[in-house]
Amino acid sequence: MNAQAQPTLLNSKVESFINRPRTVLIDGRWVAAKSGKTFDVFDPSTGHPIAKVAACEKADVDIAVAAARKAFDDGPWPRMTPSERGRALWKIGDLILENLEELAQLESLDNGKPIGVARAADVPLAADLFHYMAGWATKIEGNTIPLSVPYAPGAEFLAFTRKEPIGVVAQIIPWNFPLLMAAWKLGPALTTGCTVVLKVAEETPLSGLRLAELCQEAGLPNGVLNLLTGFGETCGAPLAAHPRVDKVAFTGSTEVGKLIVKAAANDLKKVTLELGGKSPNIILDDADTELAIAGASNAIFFNHGQCCCAGSRLFVQEKKFEDVVEGVTKFAKGIRLGPGLDAQTEMGPLVSQTQLERVSGYLRSGADEGAKALCGGKRRGDTGYFVEPTVLVDTKPDMKVYREEIFGPVVTAIPFKDVDDDLINRANDTVYGLAAGIYSKDLARAHRIANRLRAGTVWINCYNIFDAALPFGGYKQSGWGREMGHDALSNYLETKAVCAGI
Ligand code: NAI
Ligand code: MG
């Protein structure tokens with residue numbers, strides 16, 4: 001770790017934001033949890049508490065859902081002109097950019113990610129999502145449909161579809177990209193005219209709370225966005241099961257995703273899910289070696305491996321295996337670990353003690369089952385939740401480190417002979433299907449492989465490229481539905497067919 005470098009001095013707005021116990025937004029007002037309970041938020045680089053937030057429970061969920069229900073059923077939001085709604089979303093995007101430094105610092109402090117990454121990626125991407133979705137407000141259209149009705153010869157009809165907002169949406173998000181996940185969820189829900197109760201992750205509630213203030217400043221009517229802080233079982237579960245919610249959108253573990261589906265089954269709420277992954281990143285023998293090494297490293301080490309789409313299974317064609325693995329190992333050894341707010345830091349700590357234990361458990365299990373760590377393989381230091389970037393070889397398909405999502409900076413490098421030698425089956429041999437990467441100079445070959453991969457995103461000669469216009473989501477147990485792009489709108493719309501005899 002890099003003890004010498006000076007941490008970024010906290011912006012005075014950030015200081016005052018974290019120094020007051022935070023309340024939650026319900027029906028346009030900032031209120032404490034009904035029970036008066038709070039919980040601590042920790043700096044993952046030290047494990048020390050940095051802020052206090054409200055511990056919302058079922059009683060708070062009930063009030064928040066009632067507020068969202070009233071705002072949807074009787075309020076102005078779904079009824080105002082699409083142009084007005086679009087302008088409010090645009091304003092949210094502008095306000096995010098105006099407060100970029102404050103949001104980036106909050107994100108880095110709370111999640112542990114490098115401040116440079118929060119400034120360059122998390123915050124601008126969140127702003128861009130709102131700007132992108134603002135444009136859709138005025139472009140959500142149905143169709144006119146010519147009818148043939150065989151039992152009504154000669155009759156004439158005017159038939160068309162209307163796209164209507166689905167209603168009150170419960171949204172539950174994780175801690176790996178706290179602000180960006182809030183944006184991915186809120187953008188399409190708000191632009192379509194839905195109202196929302198959003199529960200942010202208990203590990204990282206700060207940037208979401210600040211975003212909710214900015215949404216109010218942008219002029220969202222009371223009750224359109226209600227934002228709660230609280231734990232999964234006591235706040236998330238009653239929200240997902242709430243009978244007055246029309247739809248649940250969840251990002252997080254596949255395990256909790258399955259609980260959400262069960263909770264929603266009672267009254268058949270609509271559900272979308274963005275869950276885990278164990279994504280294959282495939283380096284072919286004709287790849288540009290430097291590009292492939294940089295790409296493979298970024299695919300797993302970006303955000304400390306805490307990405308649902310992390311390229312955690314690195315398949316390298318035999319001829320290139322040694323060079324690529326050596327290059328990725330060298331890259332891993334050179335990564336500078338440190339607190340997110342230190343400007344020199346390239347990789348911060350994992351988000352929590354729980355994640356440190358989870359990832360450490362995988363590293364132990366890999367070692368016990370015979371996997372070899374070419375670098376890393378353990379915790380770094382004894383303060384904060386730092387784990388060394390790790391490259392594993394000699395893994396077998398039945399090992400836990402090979403099959404399960406580790407969600408840390410741990411890649412498994414696997415050699416293969418040729419594409420026809422079962423590469424596709426091996427790449428697809430996972431319960432997940434979120435993302436995949438292919439590195440090759442032969443684009444036709446790369447595209448043929450891309451077509452055969454069962455994954456919601458395939459990156460060719462690049463990795464981790466995200467854009468508000470590009471849909472993202474999973475095949476198989478990686479989820480239901482897509483975030484971003486115009487695909488995301490359909491998650492929040494009902495189609496009404498109107499048929500008039502004329
Ligand atoms: P989690 O799925 O438990 O938490 C995600 C969100 O769901 C949080 O807001 C949490 O409060 C909420 N939640 C938890 N239990 C709930 C319940 N019963 N009902 C409703 N909401 C509930 O994920 P966690 O424990 O933070 O991480 C565990 C693993 O999940 C990670 O190691 C990683 O493998 C995976 N994960 C995947 C993410 C993704 O982007 N797809 C993000 C975070 C975690
Ligand atoms: Mg959990």
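Just so you know, ligand 1 is whichever comes first in the structure, and atom 1 is the first atom listed for that ligand.
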In ligand 1, the atoms that come under 4.0 Å of a heavy atom of P174 are 42 (C), 43 (C)
- Using 4.0 Å as the upper bound for N to carboxylate O, is an ion pair formed by D246 and K270? no
P188 and L129 have their tightest heavy-atom pair at CD-CD1, 4.4 Å
the protein heavy atom lying closest to atom 35 (C) of ligand 1 turns out to be E405 OE1, 3.5 Å
Checking heavy atoms under 4.0 Å, the part of E202 that sits near ligand 1 is side chain
Exactly one candidate in K378, K333, R336 meets salt bridge (charged side-chain N to carboxylate O under 4.0 Å, His left out) with E388; the answer is K378
Atom 40 (O) of ligand 1 sits nearest the protein heavy atom N176 ND2, 3.3 Å
Between ligand 1 and C308, is the shortest N or O to N or O distance under 3.5 Å? no
Q.
Quick check on A201 - does any of its heavy atoms sit under 4.0 Å from an atom of ligand 1?
A. yes
Regarding K185 and E483, does a basic nitrogen lie under 4.0 Å from an acidic carboxylate oxygen? yes
Would you please classify the geometry between the F407 ring and the W175 ring as parallel, tilted or perpendicular, with 30° and 60° separating the classes?
perpendicular
Atom 16 (C) of ligand 1 has as its nearest protein heavy atom V256 CG1, 3.4 Å
Would you say ligand 1 has an N or O under 3.5 Å from any N or O of T251?
no
Exercise. Any chance the rings of Y439 and W459 have centres within less than 6.0 Å?
Worked result: no
In this structure, atom 28 (C) of ligand 1 is nearest to the protein heavy atom R358 NH2, 3.4 Å
For F250, the atoms of ligand 1 under 4.0 Å from one of its heavy atoms are 2 (O), 6 (C), 7 (O)
Note to self: If I apply the N/O under 3.5 Å rule, does G252 come out as touching ligand 1?
What the structure shows: yes
So for L275 against ligand 1, with non-hydrogen atoms under 4.0 Å, the contacting part is backbone
among protein heavy atoms, the one nearest atom 12 (C) of ligand 1 is I172 CG2, 3.6 Å
So the atoms of ligand 1 within less than 4.0 Å of a heavy atom of I173 turn out to be 6 (C), 8 (C), 9 (O)
Shortest non-hydrogen pair, L100 vs P124, comes out as CD1-CG, 4.2 Å
If we number the atoms of ligand 1 from 1 as shown, the ones under 4.0 Å from a heavy atom of A237 are 19 (N), 20 (C)
- Run the ring-centre check on F472 versus W184 and record whether the distance is less than 6.0 Å. yes
A student checking ligand 1 against E274 at a 4.0 Å heavy-atom cut-off should list atoms 41 (N)
Nearest non-hydrogen protein atom to atom 44 (C) of ligand 1, with distance, is F407 CE2, 3.7 Å
Take the angle between the ring planes of F231 and F39 and call it parallel below 30°, perpendicular above 60°, tilted in between. tilted
If we number the atoms of ligand 1 from 1 as shown, the ones under 4.0 Å from a heavy atom of G236 are 19 (N), 20 (C), 21 (N)
Worksheet item: Any luck finding a side-chain donor-acceptor pair between Y362 and E404 under 3.5 Å?
Response: yes
Ligand 1 atoms nearer than 4.0 angstrom to some heavy atom of Q355 are 27 (O), 28 (C), 31 (C), 32 (O)
Report task. Would you please test R119 and E101 for salt bridge (Lys or Arg N to Asp or Glu O under 4.0 Å) and show each step? Result -> CA-CA 7 Å; R119 281 187 191 127; E101 182 58 21; 2.7 Å; yes
Logged contact type for I260 with ligand 1, heavy-atom cut-off 4.0 Å, is side chain
In this structure, atom 14 (C) of ligand 1 is nearest to the protein heavy atom G232 CA, 3.4 Å
protein heavy-atom neighbour closest to atom 30 (O) of ligand 1 works out as S253 CB, 3.0 Å
Ligand 1 to L259, heavy atom cutoff 4.0 Å, flagged ligand atoms 18 (N)
Smallest heavy-atom separation, Q477 atom then Y432 atom, equals O-CD2, 4.0 Å
Check your understanding: Between D62 and H242, does any side-chain donor sit less than 3.5 Å from a side-chain acceptor?
Key -> yes
Q.
Check this for me: does any side-chain nitrogen of one of K396 and D398 sit under 4.0 Å from a carboxylate oxygen of the other?
A. no
**Study point:** Verify atom 4 (O) of ligand 1: protein non-hydrogen atom under 4.0 angstrom away
**Key:** no
Check contact between W175 and ligand 1, using heavy atoms of the residue and a distance below 4.0 angstrom.
yes
Checking heavy atoms under 4.0 Å, the part of Q306 that sits near ligand 1 is neither
Check your understanding: For the side chain of T229 and the backbone of A54, is there at least one donor-acceptor N/O pair under 3.5 Å apart?
Key -> yes
